[in-house]
> 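Input: one structure, supplied below.
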Amino acid sequence: MAKATVSLPQGTRDFSAEVVRKRNYIFNTIRNVFELYGFAPLETPAMENLETLMGKYGEEGDKLIFKILNNGLDNPAKHEQIRTDFEKVLEGKNIKTITERALRYDLTIPFARYVAMNYGQLTLPFKRYQIQPVWRADRPQKGRYREFYQCDADVVGSTSLLNEVELANIYATVFEKLGVDVEIRINSRKILAALAEICGGSDKLTDITIAIDKLDKIGIEKVKEELAQRGLDETQVTTIEKYLAISGSNEEKLAAAKALIGETELGKAGLEEIEYVLNYITPDFRLSTFDSRLTIDFTLARGLNYYTGLIFEVKANGVQMGSIGGGGRYDDLTGLFGVPNVPGVGISFGVDRIYDVMEELKLFPETVHTGVKVLFFNLGDQESKTAFGLMQQLRANNIGCELFHEATKMDKQFKYADKKQIPFAIIIGSKELEEGTCVIKNLAASEQKTVLQSELIKEFS
RNA sequence: GAGGGUGUAGCUCAGUAGGUUAGAGCGACAGUUUGUGGCACUGUAGGUCGUGGGUUCGAGACCCAUCAUUCUCCCCA
């Protein structure tokens with residue numbers, strides 16, 4: 001056999017039947033919860049105008065956007081212009097004559113673009129969910145792909161913290177249903193801004209968040225070094241050290257943070273937001289284990305720079321994996337597209353990582369497999385014609401079945417049923433044909449019985 | 001963008017200081033068994049050892065390049 005020379009682009013995958021079924025199980029779970037909470041579906045194109053995406057994800061993000069080469073570059077009339085323009089591409093610029101479209105990088109920005117375009121028609125607050133693939137030109141590694149699905153739920157046109165409460169509950173409900181043990185971390189960008197304010201001014205916000213975001217990876221000493229490198233003096237570093245040292249229960253953390261930044265306006269507001277959400281998680285509202293899963297994490301920063309209020313991040317317990325969900329509040333996302341003052345808040349699920357976690361922890365239920373229920377054996381021309389008629393009757397009664405494609409040894413037909421995990425075999429040979437009966441065999445139990453063909457449907461209803 | 005690991009049969013991998021004809025398990029196919037599977041036994045097919053150079057009397061093994069893949073950092077879902 002010639003060795004296949006075809007391959008898949010880096011970081012992409014094919015999904016076999018079993019994997020698709022398991023993935024659909026996750027998709028359906030998430031979709032049902034979104035619907036349950038009053039969110040409506042939206043789909044946007046795989047590609048957007050490049051300028052819609054550029055500059056929205058920070059410098060790093062821009063580099064990871066997959067750009068689409070324009071068609072028609074081979075037109076001889078344009079060659080000279082194209083060559084000149086391509087020189088600029090080599091300098092790292094994006095030139096419309098070379099590339100003007102790109103694959104979507106996330107679902108939030110296309111959503112903001114949609115809201116800006118349709119603002120007049122939307123009933124506010126507008127709650128939408130979106131389940132579609134996104135593409136990033138990242139280097140693949142564990143839990144990281146170049147094509148992966150996001151499941152987003154966002155609310156725009158409302159500043160109410162009730163939205164945050166709802167979204168936190170969606171996280172809890174989905175992972176509860178999937179049986180994944182998670183920790184939902186919560187923080188507020190306002191608190192980080194307050195910290196920056198008392199540590200040298202708001203222009204230091206980015207420096208500070210970048211540094212403290214690394215805490216659990218590089219440790220406190222390295223963080224302090226990095227802060228000093230980024231131009232903070234000793235008092236300021238000490239303040240941040242105190243901030244990072246905050247620990248204990250949610251209540252203890254709140255109290256400690258109040259002492260440190262409660263005086264500032266931003267700090268006060270940020271802490272109130274967190275308290276508000278936590279207070280909603282009263283026994284009446286919370287799910288069985290919810291309160292132990294929603295924890296304050298003052299080191300949580302999140303990279304996407306459009307967040308302005310509460311931020312969320314979800315991590316799976318008991319497994320080495322990056323975050324499997326994240327989100328937060330943004331004050332003015334559509335302002336980028338010419339419609340200012342539309343506040344919003346949203347969350348995202350990373351299905352591919354959730355899949356990896358569930359696979360690693362063996363959390364998929366057996367029932368995810370849903371193939372055909374019956375295999376009709378093919379034991380000859382006349383026999384298979386009778387089988388075919390019965391098969392169509394079963395199908396008409398919504399019972400999935402197939403007829404083996406050729407008359408061959410039973411041994412082979414049994415093996416086919418095994419491989420496809422078909423639970424029942426129906427055998428019609430010359431004897432059954434004569435008697436108007438058929439043999440129903442339960443393959444797992446290795447039991448069989450003979451019934452009249454006219455009674456067959458009853459056996460499966 | 002930076003740095004590691006790995007490429008040998010359809011799959012998972014062995015292949016010991018370079019040495020004659022490259023192996024195992026699983027899978028596939030056939031048979032033992034022309035209408036009762038999963039087990040067992042027997043047999044068969046399937047490899048230019050990722051690709052291209054080099055060193056050597058001799059390379060799957062060593063060196064260089066290249067491609068693919070995987071992991072870590074950065075960043076993120």
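Computed from heavy atoms alone, side chains included, the values below leave out hydrogens, waters and symmetry copies. Per chain, numbering begins at 1; letters A, B, ... match sequence-line order.
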> Where the side chain of A:Arg136 is concerned, which of B:G37, B:C76, B:G35 is the nearest nucleotide?
B:C76
> Would you kindly give the OH-to-P distance between A:Tyr57 and B:A77, to the nearest whole Å?
11 Å
> What I want to find out is whether A:Arg31 reaches A:Glu35 closely enough, with some N-O distance under 4.0 Å, to be called a salt bridge.
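Judged by the 4.0 Å cut-off on N to carboxylate O distance, A:Arg31 and A:Glu35 do not form a salt bridge.
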> When the distance from CD1 of A:Ile428 to P of B:U36 is rounded to whole Å, what number comes out?
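In whole Å, B:U36 P and A:Ile428 CD1 are 17 Å from each other.
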> What stems involve RNA chain B, if each pair must be Watson-Crick or G-U and both of its distances must be under 3.5 Å, with 3 or more such pairs in a row?
B:1-7 with B:67-73, B:10-13 with B:23-26, B:28-32 with B:40-44, B:50-54 with B:62-66
> Please state how far atom OH in A:Tyr416 lies from atom P in B:A28, giving the value in whole angstrom units.
14 Å
> Counting only side-chain heavy atoms from C-beta out, which of B:C75, B:C73, B:G38 sits nearest to A:Ser446?
B:G38
> Which whole number of Å gives the distance between the C1' atom of B:A77 and that of B:G3?
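The answer is 24 Å between these two C1' atoms.
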> Please write out the pairs of protein N or O atoms and N or O atoms of nucleotides 29-34 of chain B separated by less than 3.5 Å, giving the distance to one decimal.
from  : atom 1 : to       : atom 2 : distance (Å)
B:G31 : OP2    : A:Lys409 : NZ     : 3.0

> Closest heavy-atom contact between A:Phe39 and A:Arg128?
CD2-O, 3.5 Å
> Separation of A:Arg144 atom CZ from B:U70 atom P, in whole Å?
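These atoms are roughly 13 Å apart.
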> Decide yes or no on side chain to side chain donor-acceptor pair (under 3.5 Å) for A:Thr108 and A:Tyr330, but give the supporting numbers first.
CA-CA 11 Å; A:Thr108 308; A:Tyr330 39 87; over 6 Å; no
> I want to check something: taking the side chain as every heavy atom from C-beta on, are A:Val19 and A:Tyr355 in contact at a cut-off of under 4.5 Å?
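Yes. Closest side-chain heavy atoms under 4.5 Å.
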